[in-house]
Amino acid sequence: MNIQVRTGRDGDAAELLRLAGQVEHWFGAMVDDPGFHEAVERQLAGGTALVAADEGRLAGGLLVGYAPPVCRLHWLVVDGSARGAGVGRALVAEALARCPDGVATVEAVTFGADHPGAVTSGARVFYERLGFSPAEAAGNGPEGGSRQVYRRAR
């Protein structure tokens, strides 16, 4: 793989929705949710969507929120064929590199320990390997599954 991380563009929305379709069984409906479409478009327009491209095709995406003193990783997705190849790590590294002055903490909300996707997706282990620690519980996801905040110092 030849992964290049860049700021998302308007034309990336369809590919991000394709990737969303791969993980709906963990997160709940996104592809047909107008609110999710609006969030993706808003992040693309605001320059806070990052994408990892491999020879023109998106291998992953990350929606980020910068509100010092916190940077929030809102939604991270990696194509099933690219998982384990460093795509997610590259996206998070780029998000951290773009943190504005004043950001001291980075947060991500992922599956709670009892969620079926907690082990299958590898998300909790992924964040722990990047130095994040489990923190407080978050509200349930749209599919009804538990969520937990993961946090680390910048």
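These numbers come from the heavy atoms of this one structure, side chains and all, not from hydrogens, waters or symmetry mates. Sequential numbering from 1 along the given sequence is applied to the chain's residues.
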Next item on the list: Group every Ile, Leu, Val, Met, Phe, Trp and Tyr by side-chain heavy-atom contacts under 4.5 Å, then state whether Val40 and Leu58 land in the same group.
Entry: yes
Check: Nearest heavy-atom pair of Ala123 and Phe111: which atoms, and what distance?
Finding: CB-CD1, 4.1 Å
Notebook entry, point to check: Out of curiosity, Leu19 CG to Arg57 CZ, how far, rounded to the nearest 0.5 Å?
Noted result: 8.0 Å
Next item on the list: Could you label the plane-to-plane angle of the Trp75 and Phe36 rings as parallel, tilted or perpendicular, counting under 30° as parallel and over 60° as perpendicular?
Entry: perpendicular
Notebook entry, point to check: Heavy-atom distance under 4.5 Å between the side chains of Glu107 and Tyr150, does that happen here?
Noted result: no
Checklist line | Residue pair Ala95 / Leu73: nearest heavy atoms and the distance that separates them | finding: CB-CD2, 4.0 Å
Checklist line | side-chain contact (heavy atoms from CB on, under 4.5 Å) partners of Glu136, counting only residues at least two apart | finding: Val149, Arg151
Next item on the list: Quick one: closest heavy-atom pair of Leu76 and Gly88, and the distance?
Entry: CD1-CA, 4.3 Å
Item checked: Spacing of Leu17 atom CG and Gln22 atom CD [to the nearest 0.5 Å] -> 12.0 Å
Next item on the list: May I ask whether Tyr66 and Val92 are part of the same hydrophobic cluster, defined by side-chain heavy atoms of I, L, V, M, F, W, Y residues being less than 4.5 angstrom apart, directly or through others?
Entry: yes
Check: Between Asp54 and Asp79, is any pair of side-chain heavy atoms under 4.5 Å apart?
Finding: no
Notebook entry, point to check: Are Leu96 and Val78 connected, step by step, through hydrophobic side chains (Ile, Leu, Val, Met, Phe, Trp, Tyr) whose heavy atoms are closer than 4.5 Å?
Noted result: yes
Checklist line | Within 6.0 Å of CG in Asp32, more than 12 heavy atoms from elsewhere | finding: no
Checklist line | Side-chain donor/acceptor of Gln43 to backbone N/O of Thr48, under 3.5 Å | finding: yes
Item checked: Stepwise side-chain contact (heavy atoms from CB on, under 4.5 Å) test for Val51 and Glu15 -> CA-CA 10 Å; Val51 298; Glu15 278 289 285; over 6 Å; no
Item checked: Check: Arg124 and His115 side chains under 4.5 Å, non-hydrogen atoms -> no
Check: What are the two closest non-hydrogen atoms of Val106 and Arg154, and how far apart are they?
Finding: CG2-CA, 4.3 Å
Next item on the list: Treat each ILVMFWY residue as a node, draw an edge where side-chain heavy atoms are under 4.5 Å apart, and state whether Val109 and Leu63 are in one component.
Entry: no
Notebook entry, point to check: Can you find a heavy atom in the side chain of Pro69 that is under 4.5 Å from one in the side chain of Val103?
Noted result: no
Check: What's the shortest heavy-atom distance between Ala118 and Gly112, and which atoms?
Finding: CB-O, 3.3 Å
Notebook entry, point to check: Can you name the nearest heavy-atom pair linking Ile3 to Val87, along with the distance?
Noted result: CD1-CG2, 3.8 Å
Checklist line | Whether Glu94 side chain and Val5 backbone form a donor-acceptor pair below 3.5 Å | finding: no
Margin query: I'd like to know if the side chain of His74 reaches the main chain of Leu62, judged simply by a donor and an acceptor atom lying under 3.5 Å from each other, with no hydrogens or angles considered.
Written below: no
Check: Taking the side chain as C-beta and beyond, is there a heavy-atom pair between Arg152 and Tyr127 under 4.5 Å?
Finding: no
Item checked: Nearest-0.5 Å distance that lies between atom OG1 in Thr110 and atom CZ in Phe132 -> 10.5 Å
Item checked: Heavy-atom side-chain contact between Val64 and Cys71 under 4.5 Å -> yes
